[in-house]
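The sequence lines fix the lettering, A, B, ..., with proteins before strands; numbering per chain opens at 1.
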Amino acid sequence: MDVKEIIARRVAKEFSDGDVVNLGIGLPTLVPNYIPEGVEIILHSENGFTGMGPAPSEDNIDMELVNAGGIPVTVIPGASFFDSAMSFAIIRGGHLDATVLGALQVDEEGNLANWMIPGKLVPGMGGAMDLVGGAKKVIVAMTHTAKGEIKILKRCNLPLTGAKKVSKIITEMGVMEVTPKGLVLTEYNPEYTVEQIQEVTDAKLIVSDDLKPMI
Amino acid sequence: MDVKEIIARRVAKEFSDGDVVNLGIGLPTLVPNYIPEGVEIILHSENGFTGMGPAPSEDNIDMELVNAGGIPVTVIPGASFFDSAMSFAIIRGGHLDATVLGALQVDEEGNLANWMIPGKLVPGMGGAMDLVGGAKKVIVAMTHTAKGEIKILKRCNLPLTGAKKVSKIITEMGVMEVTPKGLVLTEYNPEYTVEQIQEVTDAKLIVSDDLKPMI
Amino acid sequence: MKKIITMEEAVSHIKDGMTIMIGGFLACGTPHKIVDALIESGVKDLTIIANDTSFVDRGIGKLVVSGQAKRVIVSHIGTNKETGRLMNEGKLEVELVPQGTLAEQVRSGGAGLGGVLTPIGVGTPVAEGKDHLIIDGKTYLLEKALRADVALIYGSKVDEKGNVYYNEATRNFNPLMAMAADAVIVEAQEIVKTGALDPHMVHTPGLFIKYVVKA
Amino acid sequence: MKKIITMEEAVSHIKDGMTIMIGGFLACGTPHKIVDALIESGVKDLTIIANDTSFVDRGIGKLVVSGQAKRVIVSHIGTNKETGRLMNEGKLEVELVPQGTLAEQVRSGGAGLGGVLTPIGVGTPVAEGKDHLIIDGKTYLLEKALRADVALIYGSKVDEKGNVYYNEATRNFNPLMAMAADAVIVEAQEIVKTGALDPHMVHTPGLFIKYVVKA
């Protein structure tokens, strides 16, 4: 299994039947491929619909039905279209059960930075601040490090997307819950030891009494 | 012509082709009967639609299509249905060209009272405060007095619906414009003399140099 | 996720002392069957947020007459003389709110906003005791967001996922209230199969709806 | 009231230095033909309010590349590298706003509200220099309403009265911007006869639309 698949598979176990979920662009879009049988999640696309389905076949591409990354998608029966005010009322009003996002940095307080690197990269926040601030559960899904650079810190030093909002961090190395005491490692990838995971994590990991393998 | 018809006929001359208008309950609902040929106005009903048409025939009554007074109406081609937030965004956002309302009292500053008589009658403001505050032109259409009681005052003494918002007052006796100097009588009903009109008006009427008969 | 429940279960979710929102405008678009069942149930001390208190013998008005409401937050009570009588006798608290403000307050509660900044009501009794903010030289009232424990709404066509379509003027406050309560119950005039509603005609996405009950 | 105009006339309404809103989300639901005509016209010093700056060769992105924008108020610029380059060179002012805040600011501008009270952005660079209000113990940012001189929107089906129906994900910011400008011009994919649109499927009532131009 490649790294992305490990992460997406594990994220897919986070949902209950009927959950309304918004998936960020990139890695999070792989999650629907691994949703367990018997669980149905409703995908919300912040550009204006619920009931997002898989990509269309090549001869069914419709450029008026794209996801928030501009990629053609489909809708499933039971979908609904709406405007941006309604879309963000859903997000900000607490009507999303979960959002899954990538991060440049995340820290032990649950702070998240993923929208700019001053003087270097300023893509803008798009809907990320709304998602982080509004979803009931904020799941960060990302590779544990970025080309060797540490991303899970004691304190983020990049401008924040949201303060103290992250619920859980899922990487190819393990699953970390954000608690008032700090990051609790609840699951780990048996390919690594806990020490190896801590080595590439700036935040101090509190190892759960009930630590389990994630795969 | 009865008094109500005199008023409604005169109000009907206030509109330009294409105007979007909200008519209060009671007398103002008679106005559409007198709109001049070549002028088309779009009627907005604050319970949630534009394109309000006349009352249905008795065998076409539909209790899901009623006006803001709960009376069955119809819609004309080009109508649209919406929710109360949109309906009042139209009203409050300055998208109504005019509203026509009754009044308990109105005064020379353009203040209007039509939603309560303390200790006696408290029907509530409904959408009246929104209409008075939001419409580009607020036309008060009413009988000049109420069973002999004077309604056009120097200052309203009932709780206000809106402060300094009335543009024009149209009664069976005349047409008065609210100006920074006070109420200017621009038209009068030739059945009355200016003195007779002033007699039943507490506010001082400034007679326009260009005073015309209203009928 | 099965959302369709019996009327008995629907009513069991409304408990003494709760704050409930009820859709409708003068009984048009009100969940009449649920209201009737509430009267049957005898639940009491309700705070009711609605556009109006309807008529003595229809819709929300019945709950006023039955004495089950201890407080109403509405824009209009003039069509139900019992509301005024109980208010004057000190048996019912009545808070009157301009209709557009009420719509925005409910929408704000559903959209995660702290409140509404509106010029409507400035200079009238509505403004008493409320914060005034001056923004770019214009005065606005701060009207706080409203939420409820349960919202009871009416839908003309509702699919198994809870997507709602409202016919004609029945829409009014229903889509707003559907956003602003911990649990939302829709009384469906007709329940249709998932996929039977055109996603462009869904006025309330199913994610807002917890329970569907057949009218 | 004839609303249908030529592209030549449409473009004549946009003048140097104006603030304009342009609908669309990554070029989906953008009035492409009007944008192309604006580039042809050479109008300059525009302030553009939009969701994003699209791509270098599509939609709003072209107006950035052509140097006709002096300022953009958007949620995202990451898909158009020219926006970042011009910003870094001091040739373009960029104001980044969380997408949901932007949607509500535009809606507020159209609905007669003074601004938006949102918790989104608190504790991030977005909050810098803005008023913070504490309401019932929770902190909110005051984000002011936005309006424009002209809004340029895209509609899939538009009738002769200006009623607009949006297909699929093209809706996004279009209905909001249609409320928030002194003049609104809709680029119609298809112009239909008045009465051809089901009033339940009208997403933007025609009263908001000043001009209709065929795509």
Exercise. Hey, what do you get for CH2 (A:Trp115) to NE2 (D:His76), rounding to the nearest 0.5 Å?
Worked result: 11.0 Å

Problem set entry | Atom pair OG1 (D:Thr118) and CZ (A:Arg92), whose distance is rounded to the nearest 0.5 Å | 3.5 Å

A quick test of your reading: do over 12 heavy atoms of other residues, nucleotides or ligands sit less than 6.0 Å from [atom1] of [X]?
X: A:Leu153; atom1: CG; value: yes
X: A:Lys151; atom1: NZ; value: yes
X: D:Lys214; atom1: NZ; value: yes
X: D:Glu89; atom1: CD; value: yes
X: A:Lys164; atom1: NZ; value: no
X: D:Lys62; atom1: NZ; value: yes

If I measure from the heavy atoms of chain D, does [X] come under 4.5 Å with its side chain, its backbone, both, or neither?
X: A:Ala113; answer: neither
X: A:Ser45; answer: neither
X: A:Asp62; answer: side chain
X: A:Ile91; answer: neither

For this session: Starting from the C-alpha separation in whole Å, work towards a yes-or-no answer on side-chain hydrogen bond (donor to acceptor under 3.5 Å, both in side chains) for D:Arg107 and A:Ser84.
Result: CA-CA 10 Å; D:Arg107 184 182 178 278; A:Ser84 296; over 6 Å; no

Leading residue by heavy atom contact count with chain A [cutoff under 4.5 Å; candidates [options]]:
options: D:Asn174, D:Asn88, D:Thr101; answer: D:Thr101
options: D:Leu26, D:Asn172, D:Leu176; answer: D:Asn172
options: D:Asp52, D:Val97, D:Thr79, D:Val74; answer: D:Val97
options: D:Ile77, D:Leu102, D:Thr53; answer: D:Ile77

Could you check if a side-chain atom of [X] sits within less than 4.5 angstrom of a side-chain atom of [Y], using non-hydrogen atoms only?
X: D:His203; Y: A:Asp83; answer: no
X: D:Ile120; Y: A:Phe88; answer: no
X: D:Glu168; Y: A:Phe49; answer: no

Problem set entry | Verdict with reasoning, D:Tyr166 to A:Glu64, per side-chain hydrogen bond (donor to acceptor under 3.5 Å, both in side chains) | CA-CA 10 Å; D:Tyr166 306 98; A:Glu64 300 200 334; over 6 Å; no

With only heavy atoms counted, which part of [X] is less than 4.5 Å from chain A, the side chain, the backbone, both or neither?
X: D:Pro119; result: neither
X: D:Phe25; result: side chain
X: D:Thr83; result: neither

Exercise. For chain D, which of A:Gly119, A:Gly162, A:Ala68 has the most heavy-atom pairs under 4.5 Å?
Worked result: A:Ala68

Exercise. Between A:Gly126, A:Ala128, A:Gly69, A:Gly133, which residue shows the highest count of heavy-atom pairs closer than 4.5 Å to chain D?
Worked result: A:Gly126

Exercise. If you take all heavy atoms of A:Asn47 and D:Ala169, which pair is closest and at what distance?
Worked result: ND2-CB, 3.9 Å

Exercise. So which heavy atom on D:Cys28 is nearest to which on A:Met63, and how close?
Worked result: SG-O, 3.6 Å

Problem set entry | Short side-chain to backbone donor-acceptor contact, A:Asp130 and D:Gln99, under 3.5 Å | yes

